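Read through the structure below, which is laid out as structure tokens, and then see the notes.
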Amino acid sequence: MAKRESTFLNMFLALFGVTFIAAFTLGFVYEMTRDAIDISKVKAQNDAISRILPEFDRLDDPLKVPDESGIDTLEFFPAYKNDKFVGVAVKTFSKSGFSGFISIMAGIDNEGNFSGYQVLEHAETPGLGSKMDNWFSNAEKPGQCVIGKNPESYQFRVTKDGGDIDAITASTVTSRAFLSALVKAYNLYKEKENEIAGNPGE
Amino acid sequence: MPVIPVNKTDIMDHWKNFSKGIIKENPVFVLLLGMCPTLGVTSSAINGLGMGLATTFVLLMSNIVVSLIKNLIPDKVRIPSFIVIIATFVTVVQLIMEAYVPALHKSLGLFIPLIVVNCIVLGRAEAFASKNNILSSALDGLGIGLGFSFALVLLGGIRELLGSGRIFDITVYPENYVTLLFVLAPGAFIVLGYLIAVINMINKEKE
């Protein structure tokens, strides 16, 4: 078959045909994968929550609370066991990581201490900032661990800034961002404690 | 009875179309194409493998489709048509990865959509698939893709081994002895430089 000439009509038809088929294909694949993508997102989130909170048997729908800037919101997932409030998972974030945005799911138990955390999203340097995945939950090194602590009895700043938490070696910026995200979650929780925790039965 | 002419030179040609991409015309080490993902994602072997295979799929599919419709596309609009075809396959890969391998999708992040502008893919469409038949184009796409994957895994593996003491996430030696530089950007350039030198040496010896 000879090659088509570059006439206006041929060019129009070729581009129209290519884009039409492309759009059709993408729409089809999008429809096919949409449910699976939603499921895997929810699953990742639920896995994170069950790892960072004390045992619970009911998790309420998230409560969205705007932060001090008024633009962004933090999500609070209150958890209950036998209708008794056991803690809350907070989806918090910081925009001041070494490579920008960091999203963290932090657990606060009913005594107001951090019970765990899981980094959901980050772009920190592998081998440096990315160590925050388990640096701050290492129970063998109390100087860097945030589990069981709260920002009222401890200074949630890195030791270099006069705080009580040891920063990740060579990743002070990441550590600062991480701690500020936790403090943000804690402060908002304290502010809205009654709203978040005060819903034992349904 | 019609005989499909399969002779020895045909098979040799096909084998050449496939195998040239792996060492002789390796897109990374010899053609020096696609440097952005090469340097960006190879902080670990598994990232390199994921990126390589995703690119291989896109290359294979876009080469087949471009070769299939090469006569329907007028010359003046061929580049936009090729890019739309490539972008479609990239988006398909991205959606499928997000749905079924979310962990890998998360760690490759920004680099998946960037396969669209990876010049290897457009380069093969323009330089090879738009001039050859479907079988040769498919073999070319597969070969170049596997060559790209091979390069990324090698680069990622060496950087991961030297920079974090692990390979494919299996600890080889304690983290106290690692040279962190290798998982950072300068390490990518250093390792790539040495690998290019080695591949050049191998290709020279073959001649």
Side-chain angles (χ1 to χ4, degrees), chain A residues 1-45 47-48 98-101 103 119-131 133 168-171, chain B residues 40-44 47 61 65-66 69-103 105-107 109-111 130-131 156 159-160 162-166 175 178-185 187:
Chain A
M1 191 164 61
K3 191 136 186 133
R4 293 274 179 104
E5 290 289 315
S6 291
T7 62
F8 179 79
L9 186 67
N10 279 348
M11 291 196 287
F12 176 82
L13 287 177
L15 282 181
F16 181 80
V18 168
T19 45
F20 184 82
I21 294 169
F24 187 81
T25 315
L26 285 184
F28 179 72
V29 175
Y30 175 76
E31 283 295 323
M32 248 174 41
T33 53
R34 189 172 54 183
D35 291 343
I37 290 174
D38 285 348
I39 290 168
S40 79
K41 273 189 185 155
V42 171
K43 191 171 166 290
Q45 187 166 301
D47 282 357
F98 193 71
S99 312
F101 189 78
S103 167
V119 180
L120 299 177
E121 215 176 303
H122 77 85
E124 303 303 287
T125 317
L128 287 173
S130 70
K131 281 189 193 156
D133 284 343
I168 305 167
T169 316
S171 304
Chain B
V41 302
T42 53
S43 54
S44 72
N47 280 0
M61 298 309 288
V65 172
V66 165
I69 63 167
K70 60 180 183 287
N71 286 331
L72 295 174
I73 305 287
D75 265 345
K76 279 187 183 162
V77 293
R78 70 183 191 286
I79 300 286
S81 307
F82 295 167
I83 281 292
V84 170
I85 292 165
I86 293 165
T88 306
F89 285 117
V90 170
T91 314
V92 167
V93 169
Q94 191 187 4
L95 288 170
I96 290 175
M97 281 177 83
E98 196 175 353
Y100 302 108
V101 276
H105 178 260
K106 222 172 99 183
S107 69
L110 182 67
F111 290 99
S130 67
K131 300 184 180 85
R159 289 179 65 194
E160 191 181 4
L162 296 176
S164 61
R166 289 175 298 187
E175 214 168 282
V178 302
T179 316
L180 196 57
L181 176 78
F182 284 102
V183 287
L184 302 178

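Keep in mind the model is a prediction, meaning the values are calculated, not measured.
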In a table with atom names and distances, give each donor-acceptor pair under 3.5 Å that connects a side chain of residues 14-21 of chain A to protein atoms at least two apart or in another chain.
residue	atom	partner	partner atom	Å
T19(A)	OG1	L15(A)	O	2.6
T19(A)	OG1	F16(A)	O	3.1

Quick check: are there more than 12 heavy atoms from other residues, nucleotides or ligands sitting under 6.0 Å from CZ of F98(A)?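 Atom CZ in F98(A) is not crowded, with 12 or fewer foreign heavy atoms closer than 6.0 Å.
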
Euclidean distance, [Y] [atom2] relative to [X] [atom1], rounded to 0.5 Å:
{"X": "I37(A)", "Y": "M97(B)", "atom1": "CD1", "atom2": "CE", "value": "11.5 Å"}
{"X": "R78(B)", "Y": "M11(A)", "atom1": "CZ", "atom2": "CE", "value": "12.5 Å"}
{"X": "K76(B)", "Y": "T7(A)", "atom1": "NZ", "atom2": "OG1", "value": "9.5 Å"}
{"X": "M32(A)", "Y": "L95(B)", "atom1": "CE", "atom2": "CG", "value": "9.5 Å"}

Choice from A36(A), A44(A), S6(A) maximising heavy atom contacts with chain B below 4.5 Å
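Among the listed options, the one with the most contacts to chain B is S6(A).
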
So which part of [X] gets closer than 4.5 Å to some heavy atom of chain B, the side chain, the backbone, both or neither?
{"X": "K43(A)", "answer": "neither"}
{"X": "L9(A)", "answer": "neither"}
{"X": "S40(A)", "answer": "side chain"}
{"X": "Y30(A)", "answer": "both"}

Results of salt bridge (Lys or Arg N to Asp or Glu O under 4.0 Å) for D38(A) - residues two or more places apart only: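 Expected list: none.
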
- Would you mind checking which part of Y100(B) comes under 4.5 Å of any heavy atom in chain A, side chain (CB onward), backbone (N, CA, C, O), both or neither?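 Y100(B) touches chain A through side-chain heavy atoms alone.
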
**Asked** Taking all atoms of both residues into account, what is the closest heavy-atom pair of T88(B) and L26(A), and its distance?
**Response**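 Looking at all heavy atoms of both residues, the shortest contact is O-CD2, 3.6 Å.
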
